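Shown next, in structure tokens, is the structure this report addresses.
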Amino acid sequence: NAGVTQTPKFRVLKTGQSMTLLCAQDMNHEYMYWYRQDPGMGLRLIHYSVGEGTTAKGEVPDGYNVSRLKKQNFLLGLESAAPSQTSVYFCASSLRDRGRPGYEQYFGPGTRLTVT
Amino acid sequence: GEDVEQSLFLSVREGDSSVINCTYTDSSSTYLYWYKQEPGAGLQLLTYIFSNMDMKQDQRLTVLLNKKDKHLSLRIADTQTGDSAIYFCAESLGGTGTASKLTFGTGTRLQVTL
């Protein structure tokens, strides 16, 4: 049982390049989330998904797209990377209700992305 | 709006107690959480408290909630070097489906010295 895994762990992009971050979970969780973590700002929700084939915007969705074609995978795409997207990206998953104890979010180890 | 604030850094000696503080602004929060982030890792849930409780104790951890002042604290007794990490508080409005979400604080880095 690997929990939540993220690929890749590190990446350096040039401005304007595109890339996809992959998140996978093997806990059969319905909900999945993408966050970014910036110094002094805590975690901010980018997009989330409440089930296969569905996605929704979080707090800071601009510049990102997501897809959830399979229940166990949640992809985060950057179509045209900008230096402001330099951050650490965390994926998380949870059972159905993400606000309640017992349905806590399980986090992946993170992807450190640098855009030059 | 929702805003969760924490001090950025705390240094304690091994064996002492650590107290990490958090203030939040949304009075309708139903659950408040403490997460721990070790270097190079994701966040891990430590403990939580329901908003109608004042205190919760879980082994070395004590959570205190002052709902009137919207103040949450995490006390770690007998702090060990393995407790060195970043601690995040988070609030949730509860509910079900797409209505609920977590708002995280900025994180407090706890440094434990010998």
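Numbers restart at 1 for each chain; the letters A, B, ... are given by sequence-line order, proteins then strands. The structure displayed is predicted, hence computed values, not measured ones. Side chains included, hydrogens not; waters and symmetry mates left out as well; all remaining heavy atoms used.
With hydrophobic clusters built from ILVMFWY side chains whose heavy atoms lie under 4.5 angstrom apart, B/Leu74 does not share a cluster with B/Leu64. B/Leu8 and B/Ile20 are assigned to two separate hydrophobic clusters, defined by single-linkage of ILVMFWY side chains at heavy-atom distances under 4.5 Å. A/Phe90 and A/Val60 fall into different hydrophobic clusters, where Ile, Leu, Val, Met, Phe, Trp and Tyr side chains are chained together by heavy-atom contacts under 4.5 Å. In this structure, B/Leu46 is a member of the same hydrophobic cluster as B/Tyr35, with clusters built from ILVMFWY side-chain heavy atoms closer than 4.5 Å. B/Met53 and B/Leu65 fall within a single hydrophobic cluster, where Ile, Leu, Val, Met, Phe, Trp and Tyr side chains are chained together by heavy-atom contacts under 4.5 Å.
Heavy atoms from other residues, nucleotides or ligands lying under 6.0 Å from CD of A/Glu59 number more than 12. In B/Gln44, the CD atom is not crowded: 12 or fewer heavy atoms of neighbouring residues, nucleotides or ligands sit closer than 6.0 Å.
The candidate with the highest count of non-hydrogen atom pairs below 4.5 Å against chain B, out of A/Val4, A/Leu43, A/Val88, is A/Leu43. Per-residue counts of heavy-atom pairs under 4.5 Å with chain A were compared for B/Gly107, B/Gly42, B/Gly40; the largest is that of B/Gly42.
By a heavy-atom distance cut of under 4.5 Å, A/Gly108, A/Pro109 are the residues of residues 108-116 of chain A near chain B, going up by number.
Rounding to the nearest 0.5 Å gives a distance of 8.5 Å between CG of B/Leu102 and OG of A/Ser94. Atom-to-atom distance recorded for B/Phe104:CZ and A/Tyr35:OH is 4.5 Å, nearest 0.5 angstrom. Between B/Thr103 atom OG1 and A/Arg44 atom CZ the span is 12.5 Å, to the nearest 0.5 Å. The CG atom of B/Leu43 lies 9.5 Å from the CD atom of A/Gln105; values are rounded to the nearest 0.5 Å.
Neither the backbone nor the side chain of A/Glu30 comes within contact range of chain B, judged by heavy atoms closer than 4.5 Å. With a threshold of 4.5 angstrom between heavy atoms, B/Gln37 approaches chain A through side-chain atoms but not through N, CA, C or O.
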